[in-house]
Every structure is written in structure tokens, then in C-alpha cells.
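Only this structure's heavy atoms are used, side chains among them; waters, hydrogens and symmetry mates stay out.
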Amino acid sequence: MLPLSFWPKYPGGPGAAPPALRPGPRATLAKKGLTGSELERQARHRVFPGNRPSTTLAYEKLTPATLGRIVALYEHRVFVEGVILGINSYDQWGVELGKELALALQPMLEGRAGTEGKDGSTAQLVAYLRR
């Protein structure tokens, strides 16, 4: 993740994963004006079953030791958890969804919008990062 001091420079990005993986089908993201075979082709990549765990790390200062721990944690976690949960950890369509969700979180992190309608985890993460 990123040190707390970096979040204002990169608003929304790291906070986008939990809402993408938790709530269930994202058919509305897949159906943006698409029809027929193109809808079905893209839906295979863009519709997620939800209820997937995620982890957010926040720390005060990035040091070489902290960075090493984070890299080691994620190298192991990404592969093992993907195998256990049947997730393609290197799925580009999931990355694209994360970008869309990050853009939606940016106004909340900047204080231009509230967290009404967001799940409790996302709302608490935004509140923590805005303190």
C-alpha cells in the first residue's frame, strides 16, 4: 500500500479494491451500453461474484524494512490466496474495475462528497484516511 502521507497525492486508488471484491455481481459495470455477443464477451471478464476478502495496509513511514515486509507479504499472499479462492490474480479486467472505483472514491477522500450509500468498510477507510 502507500504511506498515509501519500494518500492525498493518490486518492482513491488503494481504497478501490474492497468495494470491487466484496458486494457481489457488478453487472451494471459490464452492461454499459453493450449488447449481444459483445456484452457476453465482456461480462465474462467484468462481472465478479463478490464476497472476496481483501487487505488494506496503512503505515506511518516507508522504510526499507517496511517495504521489504510489504513486498514479501504480497508476493506470497497474491499467489496463495488466488489459488485458494480460484481468482486470477493477474486479471487485467479487474485492474480496470479498480481504476473506475478509484475515480469514484476520489471526491470522498478530498471531502467533496460523503460516503452515504457505501458499505461500512469503505466508509470507515475513507474516514480514517481523511483524519
Side-chain angles (χ1 to χ4, degrees):
M1 253 336 120
L2 300 170
L4 296 177
S5 62
F6 193 76
W7 280 78
K9 299 172 193 165
Y10 188 73
L21 299 174
R22 188 180 328 90
R26 310 295 285 183
T28 55
L29 291 174
K31 294 183 179 179
K32 291 182 179 177
L34 301 175
T35 59
S37 62
E38 182 62 15
L39 169 64
E40 294 307 314
R41 186 184 75 77
Q42 293 219 12
R44 286 192 301 269
H45 302 288
R46 294 181 176 225
V47 176
F48 301 96
N51 198 27
R52 304 289 185 162
S54 65
T55 301
T56 301
L57 299 177
Y59 51 89
E60 294 299 325
K61 183 177 180 183
L62 181 60
T63 64
T66 302
L67 179 60
R69 289 182 186 119
I70 292 169
V71 169
L73 171 69
Y74 273 94
E75 283 178 346
H76 186 72
R77 182 181 176 270
V78 166
F79 175 76
V80 172
E81 189 171 356
V83 169
I84 291 170
L85 298 174
I87 296 172
N88 178 354
S89 301
Y90 306 100
D91 174 17
Q92 183 58 37
W93 293 104
V95 171
E96 294 302 319
L97 173 59
K99 290 177 186 177
E100 289 180 31
L101 293 169
L103 288 174
L105 286 175
Q106 186 170 352
M108 289 174 246
L109 290 170
E110 293 173 347
R112 296 184 287 121
T115 58
E116 297 80 16
K118 296 294 178 189
D119 60 272
S121 176
T122 300
Q124 287 182 0
L125 178 59
V126 169
Y128 177 78
L129 294 172
R130 291 192 63 214
R131 64 181 174 105

**Asked** What do the steps show when you test V80 against V83 for side chain to side chain contact (heavy atoms under 4.5 Å, CB included), and what is the final call?
**Response** CA-CA 5 Å; V80 172; V83 169; 5.9 Å; no

**Asked** Step by step, would you call L109 with V126 a side chain to side chain contact (heavy atoms under 4.5 Å, CB included)?
**Response** CA-CA 6 Å; L109 290 170; V126 169; 4.2 Å; yes

**Prompt:** Rounded to the nearest 0.5 Å, how far apart are CE of M108 and CD of E116?
**Reply:**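 Spacing of CE (M108) from CD (E116) equals 9.0 Å.
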
**Request:** Drop me the distance from I87's CD1 to E81's CD, to the nearest 0.5 angstrom.
**Result:**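 Going from CD1 on I87 over to CD on E81, the span is 6.0 Å.
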
**Request:** Ignoring hydrogens and angles, tell me if any N or O in the side chain of T63 forms a donor-acceptor pair with the backbone of T66 under 3.5 Å.
**Result:**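 It does hold such a pair.
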
**Message:** For the CZ atom on R130, are there more than 12 heavy atoms of other groups (residues, nucleotides or ligands in this structure) within a distance under 6.0 Å?
**Reply:**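 Yes - once you tally the heavy atoms of other residues, nucleotides and ligands closer than 6.0 Å, there are more than 12.
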
**Message:** Would L125 and L105 count as a side chain to side chain contact (heavy atoms under 4.5 Å, CB included) here? Give the steps.
**Reply:** CA-CA 11 Å; L125 178 59; L105 286 175; over 6 Å; no

**Asked** Is it true that V95 and W93 fall in one hydrophobic cluster, defined by side-chain heavy atoms closer than 4.5 Å?
**Response**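 No, because V95 and W93 fall into different hydrophobic clusters, even though each may have its own neighbours under 4.5 Å.
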
